Amino acid sequence: MIRVFARTDILPFIKLGQKFWYESNSHVHFGEYDPISVQRALNQHLSSNTLVGWASFEDGSKEMCGALLAIKYKCFWKDVDILKEVVWYADENFRGKKDALKMYKAMEKFAVENNFKKIIMGRIRGVPTYDKLDGFYKKNNFKSLEDEYIKDL
């Protein structure tokens, strides 16, 4: 079951987010998972109406099996509304199932219905599906915008 991400989904997301954190390379760059920071950020973005998302739950379960969260913002260079994916993750037991694609389709539908002109999606190294995402993005008419690099100070 897919539904719009709501404040009641924060705690289930914190549990799912921890799986993502350690499966990806995020922990290498940012250290240990901080559920309090995640909860605070989600609360702030939901309150300011800058976050939109979708959550996937197995039928009858309260445990989140996938989520796609995006931030709404204006392009710095032009008066264009953009939806930028922050996390798109499915628990390993649910990868390859329809709900992950349904979350993306829900985001795209939301973007069109709300006059967003661009969707930006990324991928974090370390996640096993990293290499498969190129095919998905090309199939859905995404074009590569940039690569990001990170440096510890």
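Basis for what follows: all heavy atoms, side chains included, without hydrogens, waters or symmetry-related copies. Model, not experiment: these values are computed from the prediction.
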**OP:** Take Ser56 and Phe94 through the test side chain to side chain contact (heavy atoms under 4.5 Å, CB included) and record every step on the way to the result.
**Re:** CA-CA 10 Å; Ser56 175; Phe94 295 95; over 6 Å; no
**OP:** Let me see the working for Glu85 and Ile120 under side chain to side chain contact (heavy atoms under 4.5 Å, CB included), right down to the final yes or no.
**Re:** CA-CA 6 Å; Glu85 171 254 340; Ile120 297 176; over 6 Å; no
**OP:** List the steps and the verdict of side chain to side chain contact (heavy atoms under 4.5 Å, CB included) for Asp81 and Tyr73.
**Re:** CA-CA 6 Å; Asp81 290 324; Tyr73 74 98; over 6 Å; no
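Nearest heavy-atom pair, Cys65 versus Glu58, reported as atom, atom and distance to 0.1 Å: SG-N, 3.7 Å. Here the closest heavy-atom approach between residue Phe116 and residue Leu83 is recorded as CD2-N, 3.7 Å. Here the shortest heavy-atom pairing between Lys19 and Asp91 reads NZ-OD2, 2.6 Å. For the residue pair Ala90 and Arg95, the shortest heavy atom distance occurs at O-NE, 3.0 Å. Between Pro35 and Ile14, the shortest heavy-atom distance links the atoms CB-CG2, 3.6 Å. For the residue pair Phe142 and Ile119, the shortest heavy atom distance occurs at CE2-O, 3.6 Å.
Shown here are the side chain to side chain donor-acceptor pair (under 3.5 Å) partners of Asn114, two or more places apart in sequence or in another chain: there are none.
The side-chain heavy atoms of Trp88 and Leu69, taken from C-beta on, include no pair separated by under 4.5 Å. Under the 4.5 Å side-chain criterion, counting only non-hydrogen atoms from C-beta, Phe110 is in contact with Trp54. Counting heavy atoms from C-beta outward, Ile2 and Met103 have side chains that approach closer than 4.5 Å. Counting heavy atoms from C-beta on, the side chains of Arg123 and Asp134 come closer than 4.5 Å. Residues Leu68 and Val87 fail the side-chain proximity criterion, which asks for heavy atoms closer than 4.5 Å. Within the 4.5 Å cutoff, the side chain of Lys15 has no heavy atoms near those of the Met64 side chain. Considering only heavy atoms from C-beta on, Leu101 comes within 4.5 Å of Phe136 through its side chain.
For the 3.5 Å distance criterion, the side chains of Tyr22 and Gln18 fail to qualify, holding no donor opposite an acceptor. In the model, Tyr89 has a side-chain atom that pairs as donor or acceptor with a side-chain atom of Glu23 under 3.5 Å. Residues Arg7 and Ser47 have side chains that bring a donor and an acceptor to within less than 3.5 angstrom of each other.
Ring orientation note: the planes of Phe30 and Trp21 are tilted relative to one another, at an angle of 30° to 60°. The aromatic rings of Phe13 and Phe5 sit perpendicular to each other, their planes meeting at more than 60°, with 30° as the lower class boundary.
For the side-chain contact (heavy atoms from CB on, under 4.5 Å) test with Leu42, the passing option among Ile10, Leu11, Asp9 is Ile10; the others fail.
To the nearest 0.5 Å, the span separating CE on Met121 from CD on Glu108 amounts to 9.5 Å. Distance check: Phe57 CZ to Lys62 NZ gives 10.5 Å after rounding to the nearest 0.5 Å. Distance check, rounded to the nearest 0.5 Å: CD of Gln44 to CD of Gln39 gives 11.0 Å. Here NZ of Lys74 is found 4.0 Å from CG of Asp79. Values are rounded to the nearest 0.5 Å.
Distance alone, capped at 3.5 Å, is enough to place a donor-acceptor pair between the Lys72 side chain and the Asn49 backbone. No donor-acceptor pair closer than 3.5 Å links the side chain of Glu32 to the backbone N or O of His27.
Cluster annotation: Phe20 is connected to Val38 through the hydrophobic network of ILVMFWY side chains, with a link wherever side-chain heavy atoms come within less than 4.5 Å. Using a 4.5 Å cut-off between side-chain heavy atoms of Ile, Leu, Val, Met, Phe, Trp and Tyr, with links allowed through other members, Val86 and Val52 fall into different hydrophobic clusters.
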